[in-house]
Amino acid sequence: MLKAPILVLTGAGISADSGVSTFRDAGGLWEGVRVEDVATPEAFARDPEKVWRWYDARRVQVASCVPNAAHRAVVEMEDQFGDQFTLVTQNVDGLHERAGSRHIHRLHGSLWSTRCTRDGRRFPQTEAPLPTLPPICPECGEMLRPDVVWFGELLDRATMDAAARAAERARTVLVIGTSGVVYPAASLQLIALEHGAHVVEFNPERTALSDLVAEYVPGRAATTVPSWWQQNRSAT
Ligand code: BJW
């Protein structure tokens, strides 16, 4: 029986069937790349152009991808459960937005906005590739940075607090396509378990979470999530 409130936690794996690379799988974004060279504030301070080239290449890749059936099933969950539904994603690819999800807690930012390195002001930026790298703030002429959260940086406090509250409250939690190794995002599923939620994990590979959850659903998200949703959506 599917009990509300519902929390959906997503990672790179939900977009894998759309053709977006994950980070840690074979052939993923980290293969052949040192994290310290592209996804830390120190790397950006050292060589902003190199970091921007890496992010712009990802923006170009994602721009050619479209949401898949798992993103669409998540939209249907929001439609059915309304304010008893929360979506929290680690993804920066914007595919939940493009699928039609309306309320999204983005823990790690977005590829589709930039942030001024001087005052932190955000600018929407949908052009891919960017015409010049690194891009320059239209207001003050300082460099813009990707609007993402790098290792060693704090997540937005209000976003993380809202996500943690949803994890405490939720009676059903769907964890889709994350390796669960990056904190504090990975703490959300543990908070939910501690609070007695029915946790369902969707992942072709077992993770540290798999032995702890009520249901482990192996397979690709674009197949398993819609199928699970069809079987469970009326059982509310
Ligand atoms: C499929 C599939 C299909 C494949 N269908 N599934 C506590 C303990 C230890 C360390 C720390 C800690 N607290 C903080 C830290 C440090 C650090 C951290 O967690 N390090 C660990 C890695 C060791 N965390 C931070 O630095 C965070 N900041 C912070 O905590 O500040 C305070 C602090 C700082 C320093 C010390 C202590 C406290 C910030 C983390 C920011 C992470 N940023 C990134 C990059 C974002 C921008 C970008 O996109 O470039 O976020 S890293 C990268 O990993 C990205 C992702 O959102 C994140 C998670 O990855 P995800 O989504 O799980 O992807 P994968 O590739 O790992 O997994 C994909 C999964 O999909 C796999 O399981 C596949 O099997 C599966 N899959 N195909 C379904 N078809």
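Atoms within a ligand are numbered from 1 in the order they appear, just like the ligands themselves.
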(message) Starting from atom 57 (O) of ligand 1, what is the nearest protein heavy atom, named by residue and atom, and what distance separates them?
(response) His108 ND1, 2.8 Å
(message) Quick test of your reading of the model: are Arg24 and Glu205 salt-bridged, counting only N-O distances below 4.0 Å?
(response) no
(message) Any nitrogen or oxygen of Phe202 lying under 3.5 Å from a nitrogen or oxygen in ligand 1? Just yes or no.
(response) no
(message) Please check whether Ala221 reaches ligand 1 - meaning an N/O of the residue sits under 3.5 Å from an N/O of the ligand, judged on distance alone.
(response) yes
(message) Does Arg98 qualify as a cation-pi partner of Trp112, given the criterion of NZ or CZ under 6.0 Å from the six-membered ring centre and within 45 degrees of its axis?
(response) no
(request) For atom 65 (P) of ligand 1, state which one of Ser179, Ser15, Ser110 supplies the nearest heavy atom. (result) Ser179
(message) Can you tell me if Gly28 contacts ligand 1 (heavy atom of the residue under 4.0 Å from the ligand)?
(response) no
(message) Could you identify the single nearest non-hydrogen protein atom to atom 63 (O) of ligand 1 and state the distance to 0.1 Å?
(response) Thr178 OG1, 2.7 Å
(message) Counting only heavy atoms closer than 4.0 Å, does ligand 1 sit against the backbone of Trp150, its side chain, both, or neither?
(response) backbone
(request) May I ask you to decide if the ring planes of Trp228 and Phe202 are parallel, tilted or perpendicular, using 30° and 60° as cut-offs? (result) perpendicular
(request) Give the ring-plane orientation class for Trp54 versus Trp30, where under 30° counts as parallel, over 60° as perpendicular and anything between as tilted. (result) parallel
(request) Around atom 4 (C) of ligand 1, find the nearest protein heavy atom and jot down its residue, atom name and distance. (result) Asp25 OD2, 3.3 Å
(request) Please report which non-hydrogen protein atom sits nearest to atom 32 (C) of ligand 1, along with the residue it belongs to and the distance in Å to one decimal place. (result) Leu154 CD2, 3.6 Å
(message) Between the side chains of Arg145 and Glu153, is the shortest nitrogen-to-carboxylate-oxygen separation below 4.0 Å, so that they form an ion pair?
(response) yes
(request) Answer side chain, backbone, both or neither: which part of Ile14 comes under 4.0 Å from ligand 1, heavy atoms only. (result) neither
(request) Check side-chain contact (heavy atoms from CB on, under 4.5 Å) between Ser21 and all other residues, then give those that pass, not counting sequence neighbours. (result) Leu29, Gln61
(request) For atom 31 (O) of ligand 1, state which one of Arg58, Met160, Glu153 supplies the nearest heavy atom. (result) Glu153
(message) Can you report which non-hydrogen protein atom sits closest to atom 24 (N) of ligand 1, along with the distance?
(response) Tyr183 O, 2.9 Å
(request) Identify which of Val149, Ile176, Val92 has a heavy atom lying nearest to atom 41 (C) of ligand 1. (result) Val149
(request) Could you check atom 23 (C) of ligand 1 against the protein and tell me its nearest heavy-atom contact, residue, atom and distance included? (result) Val181 O, 4.2 Å
(request) Determine, for Asp211 against Arg206, whether the closest basic-nitrogen to carboxylate-oxygen distance falls under 4.0 angstrom. (result) yes
